[in-house]
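Note that the coordinates shown come from a computational prediction; the quantities given were computed from them, not determined experimentally.
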Amino acid sequence: KRGSITKPNAHSYTAVLTAWARNEDDKAVATKQAEDLFNSLERKYAAGVTDVRADTSVYNALINVWTKQGDRKALYRVTQLLELMEELGLQGGDDIVAPNSRTYCAVLDCLARSRNFKAYNKSLEIIQRMEDFYAEGYEAVRPCVRAYSTVITTIARSRKRNKAVKAQEMLRRMESQYVKGNVAARPNVYSYNGVLNAAAFTNGDEKDQEEAFRVACLTFDELRMSEHLQPSHVSYGTFLKAIRNLMPESEMREKLVTSVFRRCCKEGLVGDMVLREMKAISSPDFYQSVLSIILIV
């Protein structure tokens with residue numbers, strides 16, 4: 001009818017929360033407004049004022065607001081929301097608020113962005129919960145490549161001395177899930193780049209760095225030999241960074257750098273990151289001599 005007013009529904013609330021998530025001007029205000037809107041909806045439903053409930057999409061939108069905010073309280077709030085959704089939706093049987101893969105990915109993304117010292121253990125805990133719920137038959141929470149790759153990113157950003165090995169283990173975990181039938185878990189180039197990044201930024205003693213370099217070499221070779229993936233310019237740049245950070249200066253290192261750069265040129269993947277790493281890893285004379293490879297290839 002003309003002049004009639006359409007009542008808001010869950011989709012309406014999701015749209016407004018999504019808009020607040022995109023607000024780049026004042027993220028603190030965006031988070032407060034989003035929380036106020038969410039809490040208002042919950043109060044109205046509890047009081048019987050409205051029959052509109054906060055469903056999975058509304059919860060996901062609120063989690064995204066906190067993720068984009070980057071506030072120190074974000075990590076606590078998003079994990080609290082996820083645990084509530086699990087309790088009500090998966091354990092309590094309330095399908096309206098049950099989390100899905102998108103929920104878990106948003107929470108894992110928040111953990112990766114937070115750089116909080118708790119993020120490492122929390123992300124491992126959450127990916128395990130995804131696997132457990134999926135094994136119990138909850139198809140909507142199937143662990144996907146984005147979830148696993150985000151966990152690898154969190155591992156790479158941690159200060160763990162063995163983070164290269166742990167990142168490689170997560171890559172193996174993805175491969176195992178894929179072999180078992182979870183096609184969504186198939187690793188992609190970002191998964192491999194995450195492991196290379198974990199290796200490149202490994203600290204610790206000589207043994208730790210040797211192990212990280214072994215992981216970097218194996219991961220890069222696996223990516224190159226893959227039947228369905230190809231290295232990117234980031235793959236080459238990150239592997240060169242691993243060589244620079246983990247391999248002592250020597251004739252052997254120069255030969256390896258030359259070989260990697262030559263291959264990179266042949267594949268047409270010489271980007272800014274590759275050139276920056278080549279300049280950082282080389283003496284001026286060596287850098288100029290290696291650059292001449294571009295004219296030869």
Side-chain angles (χ1 to χ4, degrees), residues 75 104-105 107-109 111-132 143-180 182 184-226 228-232 234-250 252-253 256-257 260 273 277 281:
L75 186 147
Y104 284 94
C105 285
V107 173
L108 288 169
D109 189 35
L111 289 167
R113 291 167 180 251
S114 73
R115 298 181 183 271
N116 188 295
F117 73 97
K118 294 181 179 179
Y120 175 90
N121 288 329
K122 199 68 181 176
S123 65
L124 295 180
E125 176 189 318
I126 288 173
I127 198 69
Q128 182 64 59
R129 296 211 305 261
M130 281 189 85
E131 290 178 348
D132 291 344
C144 59
V145 60
R146 180 186 168 193
Y148 283 111
S149 297
T150 306
V151 174
I152 290 175
T153 297
T154 303
I155 294 171
R157 290 176 177 175
S158 74
R159 297 182 180 181
K160 300 291 183 181
R161 292 172 56 173
N162 63 341
K163 62 185 180 181
V165 174
K166 293 300 181 183
Q168 185 186 48
E169 289 175 355
M170 189 57 61
L171 182 64
R172 296 286 179 261
R173 195 160 156 179
M174 296 175 69
E175 293 168 343
S176 175
Q177 288 287 319
Y178 175 69
V179 169
K180 290 177 181 178
N182 180 4
R186 189 178 195 179
N188 59 20
V189 67
Y190 300 104
S191 314
Y192 282 88
N193 288 351
V195 179
L196 290 172
N197 197 48
F201 288 97
T202 293
N203 296 314
D205 57 25
E206 185 176 343
K207 183 179 179 181
D208 295 324
Q209 295 194 341
E210 286 178 355
E211 183 66 16
F213 186 62
R214 184 194 66 78
V215 169
C217 291
L218 182 60
T219 302
F220 187 70
D221 284 345
E222 287 179 1
L223 178 57
R224 283 189 54 248
M225 300 300 291
S226 172
H228 67 281
L229 295 175
Q230 291 182 335
S232 66
V234 174
S235 309
Y236 274 99
T238 310
F239 185 52
L240 286 168
K241 186 185 291 291
I243 295 172
R244 175 164 66 90
N245 290 346
L246 302 172
M247 194 175 183
E249 292 184 25
S250 64
M252 184 180 295
R253 187 173 87 163
L256 178 58
V257 169
V260 171
M273 182 181 181
E277 288 304 320
I281 203 173

Is there side-chain contact between [X] and [Y], with heavy atoms separated by less than 4.5 Å?
X      : Y      : result
Val260 : Leu240 : yes
Asn203 : Asp208 : no
Asn116 : Lys122 : no
Asn182 : Pro143 : yes
Glu175 : Pro187 : yes
Lys160 : Ile155 : no
Leu124 : Met170 : yes

Quick one: closest heavy-atom pair of [X] and [Y], and the distance?
X      : Y      : answer
Val215 : Val195 : CG1-CG1, 3.8 Å
Ile127 : Arg173 : CG2-NH2, 3.7 Å
Ala242 : Phe213 : O-CD1, 4.3 Å
Cys105 : Cys144 : SG-SG, 3.6 Å
Met273 : Gly237 : CE-C, 3.6 Å
Ala198 : Ala167 : CB-CB, 3.7 Å

How long is the gap from [atom1] on [X] to [atom2] on [Y], to the nearest 0.5 Å?
X      : Y      : atom1 : atom2 : result
Lys241 : Leu196 : NZ    : CG    : 12.0 Å
Thr150 : Tyr104 : OG1   : OH    : 15.0 Å
Ile152 : Lys163 : CD1   : NZ    : 13.5 Å
Arg146 : Tyr190 : CZ    : OH    : 12.5 Å
Arg253 : Arg244 : CZ    : CZ    : 8.5 Å
Gln177 : Met130 : CD    : CE    : 10.0 Å

- Would Leu223 and Asn193 count as a side-chain contact (heavy atoms from CB on, under 4.5 Å) if you check the C-alpha gap in whole Å, the side-chain angles of each, and the deciding distance to 0.1 Å? CA-CA 9 Å; Leu223 178 57; Asn193 288 351; 4.2 Å; yes
May I ask you to decide if [Y]'s main-chain N or O and [X]'s side chain share a donor-acceptor pair within less than 3.5 Å?
X      : Y      : result
Arg157 : Ala112 : yes
Asp221 : Leu218 : no
Ser191 : Asn188 : yes
Arg161 : Gly204 : no
Asn245 : Phe201 : no

- Query: With no hydrogens and no angle check, do the side chains of Glu131 and Tyr148 hold a donor and an acceptor under 3.5 Å apart?
  - Reply: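 There is such a pair between these side chains.
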- Between Ser232 and Ser235: side-chain donor-acceptor atoms closer than 3.5 Å: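 Distance-only check passes for Ser232 and Ser235.
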- Message: Salt bridge or not between Arg172 and Glu169? Use side-chain N to carboxylate O under 4.0 Å.
- Response: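 Judged by the 4.0 Å cut-off on N to carboxylate O distance, Arg172 and Glu169 do not form a salt bridge.
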- Message: Please check if the number of heavy atoms outside Glu125 that lie under 6.0 Å from its CD is greater than 12.
- Response: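 It does: Glu125 CD has more than 12 such atoms within range.
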- Message: How about NZ on Lys166, more than 12 heavy atoms from neighbouring residues, nucleotides or ligands closer than 6.0 Å, or not?
- Response: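 Incorrect, the count does not exceed 12.
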- Starting from the C-alpha separation in whole Å, work towards a yes-or-no answer on salt bridge (Lys or Arg N to Asp or Glu O under 4.0 Å) for Arg214 and Glu211. CA-CA 5 Å; Arg214 184 194 66 78; Glu211 183 66 16; 2.8 Å; yes
- Message: With side chain to side chain contact (heavy atoms under 4.5 Å, CB included) as the test, pick out the partner of Met174 among Val179, Val145, Val151.
- Response: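 Checked Val179, Val145, Val151 against Met174; only one passes side chain to side chain contact (heavy atoms under 4.5 Å, CB included): Val145.
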- Can the ring centres of Phe220 and Tyr236 be said to be less than 6.0 Å apart?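 Centroid separation for Phe220 and Tyr236: below 6.0 Å.
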- Task: Might you work through the side-chain contact (heavy atoms from CB on, under 4.5 Å) test for Thr154 and Leu108, ending with a clear yes or no?
- Result: CA-CA 8 Å; Thr154 303; Leu108 288 169; over 6 Å; no
